[in-house]
Each structure stands twice: as structure tokens, then as C-alpha cells.
Amino acid sequence: MIDVLLGLQWGDEGKGKIVDFLAPRYQVVARFQGGPNAGHTLEFDGLKHVLHQIPSGVFRPHTKNIIGNGVVLDPIVFRKEAESVIDKFGVDLHKNLYISKRAQLIMPTHRLLDAAYEQAKGENKIGSTLKGIGPTYSDKIARQGLRVGDVLSANFRDKYRRLVDRHLVILKQHNFIYFDLVALEKDFFDAVDYLKSYQLVESEYLINASLQNKETILAEGAQGSLLDVDFGSYPFVTSSTTMTSGACTGLGVAPRHIGEVYGIFKAYCTRVGSGPFPTELKEEIGDRLRRVGNEYGSTTGRPRRCGWLDLPALRYAVMLNGVTQLLMMKADVLNDFDEIKVCTHYRLPDGTETDQLPYDLCDVKVEPVYKTFSGWRTSLSRVHSFDDIPAPLASYVAFIEEATGLPITLISTGPDRVATLVRETAMSK
Ligand code: IMP
């Protein structure tokens, strides 16, 4: 079976920490969508590291890591990231990383197009990470993209040139003309040469062979369910399927092989970029969550918008992903709060209440209806067992379990690997 691990909110839930934590249980860790827009932060042995495209299993020596066909790969970012992982941690990346030949390549002009499109949107900009994600997926769907496997073909440069020429026409139409393409291309082709030194494979065969051999496999989602291109707050979304179903298409595995679906959520909510965020707190409490939770983007450094936990949104993500267990992150950020709120419903402009996510959340202003909990007002650093959590935290957990119909099997109480409380019996059923 292949287990899937996903963020249930707007990304940045702490997936990197959990994949790293779970990695010893898995022989294979695979990324299935997204690209360098992601930033998965891992902390262990006093070191902190952010991964963008490389799966979070690389720090465990016996784990095979796969960048699947659903990913968009920027060779320049990949090179930087790979060299840093090798130099800093001595990881044998050439041995334990496999890259799908079907993954799409992000070209320098994709990044430029991302910036040009955002600029043209003016006030309605999405707040893209400007890593070229949207334009690269657009070319994939338009059936004109470059794939990783193309780098091995003799006419790679011709294919590249044909697509760049099209991009340049669009950039000119947007009056986006101030860039040094020669320098960008030098970096790109150097990075492409570097990429060729890795194992570029038909990863769908690799992963299906692993399934056949009964190896344990973890699919690592990027971004979050509420940024999904179909079910997120469109158009303020990313350009890929961030849901469980994306693991099937993004790796080439049949739905019947999906096993556990780990849904990761923060004890509160954050969002980077534009778009609706019903429980956003713009004043003091939002600032406090940002400060205590160090809520700044790991890819772009942008301050994250912060707010209380949103249950209608969480339940929506649980439903669409077929989540089987919940993992609650950053509980420690709420340690000093006297009271903690949870949005249970939305009040619509006509005064009615709903616990469903309106399709037109971008146009309809909903008002959150909250239930208030008392805070636990104590540090969690000395709590070493799930059974010993303070009573107010236990009530908070029980309420979320009741509202979602799922067990919370893990609570994260700090960034380090060791700051993790696990309900082992429920987690490994
Ligand atoms: P893009 O994926 O770079 O095009 O950005 C689209 C939207 O998704 C923007 O609001 C980004 O801030 C957001 N986004 C993309 N990747 C991540 C992520 O890994 N974490 C959180 N937000 C993200």
C-alpha cells in the first residue's frame, strides 16, 4: 500500500517535519506534485534545513526517494538544493534519489512569465511564489512542456528554443522585457548538465515494483488542500492537485493501492499570498500567532496571515482527501493563550449559518461563528506522552476529533524531531 501525507489547510502545516519523523517507517518517500514553491522545514540534531523539491526522506539513509511525474522541477533550484544536502549532511543523493523522466521542467522563462502574469493582474494578484509553477503546468496541459527525460535527447536544445521563442512573444506582449536571458540560460543549461548525473527513471515502474515487493511507501504532498486547483479558493490557488487523488496521477499508482491518509493541520490557521481566509485575525492576536509561531514563508520569507482554526474548511479537506487520521502541528504556539477559538460555522450575508465551504468564497464575505476554549497556559516541553497532555488541550483535541470523526494520532509540540507526541496504537493500526 501507499500511504499519503497531506496538508489540510493552506500549506505550511509542517509536512517536512512529519515526513522526516515517519520516514524510518517507510522504505520509499515520493513527491507527487508542486515544485520549488514548496518549503518543507526539518529540524534535527540542532540543525535546520528547508527542502523545496527533494523529498523529505533523504536524511534517512535507507529510504529511497522519488520525485514523481506530477512534479514541476526547476534544475537550477534542484542543483542548489542537492549540493547543499550533500555538502551539509553527506547524503548520498546520487544513490537514494530517483527522478521521473515525465516530470516537467521549469525553464527560466516560466519564472519570468509568472512575474509578468502577476504584474498584469495588479490588485488581483495571486501572491504566487514566482517560481514558475503556473506557467510550467500551463505548458504541460497545453502539451508543449519540456520533460526531465528530454534532457537526455539530442534535440533538447531545439525543443527548448522552440518553447522559449513562444514565451518571449508573450513576455513582449506583457511589456516584460528587462532580463538577461543569456545569463539565465547559462545557469539553466549548467544545471541541466548537473541533473543528468542523477538517476532519471520511469518512476511509475519503480514505484509499482515497490508496491509489488510489499515495500512501505509514503507519498508526500506539497502546499495544502485549500490551495488545490479544483477545490481550493480558486483562482487563489496553486496549479496542481494537492489532494490524495494527485498522488495517483502524480506517481502512476492506482487508487486501490492507497492506504492510510495522514492529514496534517496546524492548531490554528495560516495562509501566504492573497485569497479568502475567513478566520484571519488582522490585529493583535494575529500578530501574536505570527510572532510565536514564527510564521514567515520558508520559500519566500513573506509574513504569513494568521487566524483561528477553521473547522468547515478542515472538514472539507478531510472529506475530499479520505483522511484516515489527523496530525496536529504547532500546539505549543498556543501555550500562552488564555482562550483559543475554533470556527465551527460560517454566517452568510443573509444571516443563515452553514458548516460547508461556499464555492464562491472569493466573492461572498462569510463571518466565522466561534466556539471558545480555555487555553492550557503551560509549556508542553515537559510533556512526553500523549496521555499526559493538559486537560484543556485534551478537550480541544476531543472537540476536533468529534467534529471530524477522526482520531488525532500525533501532536507536535515543537520544531525538533523529538518534540512529538504520538498515540502509537491509533497511528499504526
Ligand atoms: P504558486 O504555487 O507559486 O503559483 O502560488 C500560488 C499560491 O499558492 C500563492 O498564494 C502562494 O503563496 C501559495 N503557495 C504555493 N506554494 C505554497 C506552499 O508551499 N505553502 C504555502 N503556500 C503556498
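Computed from heavy atoms alone, side chains included, the values below leave out hydrogens, waters and symmetry copies. Counting starts at 1 for both ligands and their atoms, in listed order.
Of the protein's heavy atoms, Val272 CG2, 3.3 Å lies nearest to atom 22 (N) of ligand 1. Protein heavy atom closest to atom 2 (O) of ligand 1, with residue, atom name and distance, is Thr238 OG1, 2.6 Å. What sits closest to atom 21 (C) of ligand 1 on the protein, heavy atoms only, is Asp12 OD2, 3.1 Å.
In terms of the side chain to side chain contact (heavy atoms under 4.5 Å, CB included) criterion, residue partners of Leu406 (sequence neighbours excluded) are, by chain and number, Val318, Val323, Leu326, Thr404.
Pairs passing the ring pair (Phe, Tyr, Trp, His ring centres under 6.0 Å) check and including a residue from residues 66-113, sequence neighbours excluded, read Phe44-Phe89, His49-Phe89, Phe59-Phe89, Phe78-Tyr198, His94-Tyr198, His110-His167.
Residue contacts with ligand 1 for Arg271 are absent, since no atom lies close enough (heavy atoms, distance under 4.0 Å). Heavy atoms of Thr129 found under 4.0 angstrom from ligand 1 belong to the backbone as well as the side chain. In Ile126, the parts holding a heavy atom less than 4.0 Å from any atom of ligand 1 are both the side chain and the backbone. With a 4.0 Å heavy-atom cut-off, ligand 1 is reached by no atom of Phe236.
Remark: ligand 1 atoms within the under-4.0 Å shell around heavy atoms of Leu227 are 8 (O), 13 (C), 14 (N), 22 (N), 23 (C). Close approach of ligand 1 to Trp10 is summarised as follows: ligand atoms under 4.0 Å from at least one heavy atom of the residue are 21 (C), 22 (N). Heavy-atom proximity to Arg302, at under 4.0 Å, picks out these atoms of ligand 1: 11 (C), 12 (O). For ligand 1 and Gly273, the ligand atoms under 4.0 Å from any heavy atom of the residue are 10 (O), 12 (O).
For ligand 1, one of its N or O atoms has an N or O atom of Gly127 under 3.5 Å away. Considering backbone and side-chain atoms together, Ser274 places no N or O closer than 3.5 Å to any N or O of ligand 1. Where the criterion is an N or O separation shorter than 3.5 Å, residue side chain and backbone included, Asp114 fails it with respect to ligand 1. In terms of polar-atom proximity, defined here as any N/O pair under 3.5 Å, Asn37 does make such a contact with ligand 1.
When the options His52, Arg111, Lys131, Gln53 are evaluated for a side chain to side chain donor-acceptor pair (under 3.5 Å) with Asp74, the one that passes is Arg111. Under the side chain to side chain donor-acceptor pair (under 3.5 Å) test applied with Gln223, the options Asp228, Thr242, Asn37 reduce to a single match, Asn37.
Residue contacts with ligand 1: Gln223 is included, with a non-hydrogen atom under 4.0 Å away. Heavy-atom separations between Val237 and ligand 1 include at least one value shorter than 4.0 Å. Judged by the shortest distance from any of its heavy atoms, Ala38 lies inside the 4.0 Å radius around the atoms of ligand 1. Residue contacts with ligand 1 do not include Ser239, since none of its heavy atoms lies under 4.0 Å from the ligand.
The aromatic ring centres of Tyr160 and Phe189 sit less than 6.0 Å apart.
Gln356 CD: 12 or fewer foreign heavy atoms inside a 6.0 Å radius. The local environment of NZ in Lys365 is sparse, with at most 12 non-hydrogen atoms from other residues, nucleotides or ligands closer than 6.0 Å. Environment of NZ in Lys196: crowded, with over 12 heavy atoms of neighbouring residues, nucleotides or ligands closer than 6.0 Å. Shown here is Arg102, whose CZ atom has no more than 12 heavy atoms of other residues, nucleotides or ligands within 6.0 Å.
Side-chain contact of Ser233 with Arg271: a donor-acceptor pair under 3.5 Å is present, judged by distance alone. Donor-acceptor pairing under 3.5 Å is lacking for the side chains of Glu118 and Ser128.
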key: Residues Thr420, Lys17; criterion side chain to side chain donor-acceptor pair (under 3.5 Å); working and verdict   = CA-CA 10 Å; Thr420 312; Lys17 165 172 170 167; 3.1 Å; yes
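Around atom 5 (O) of ligand 1, the closest heavy atom drawn from Pro36, Gly132, Ser128 belongs to Ser128.
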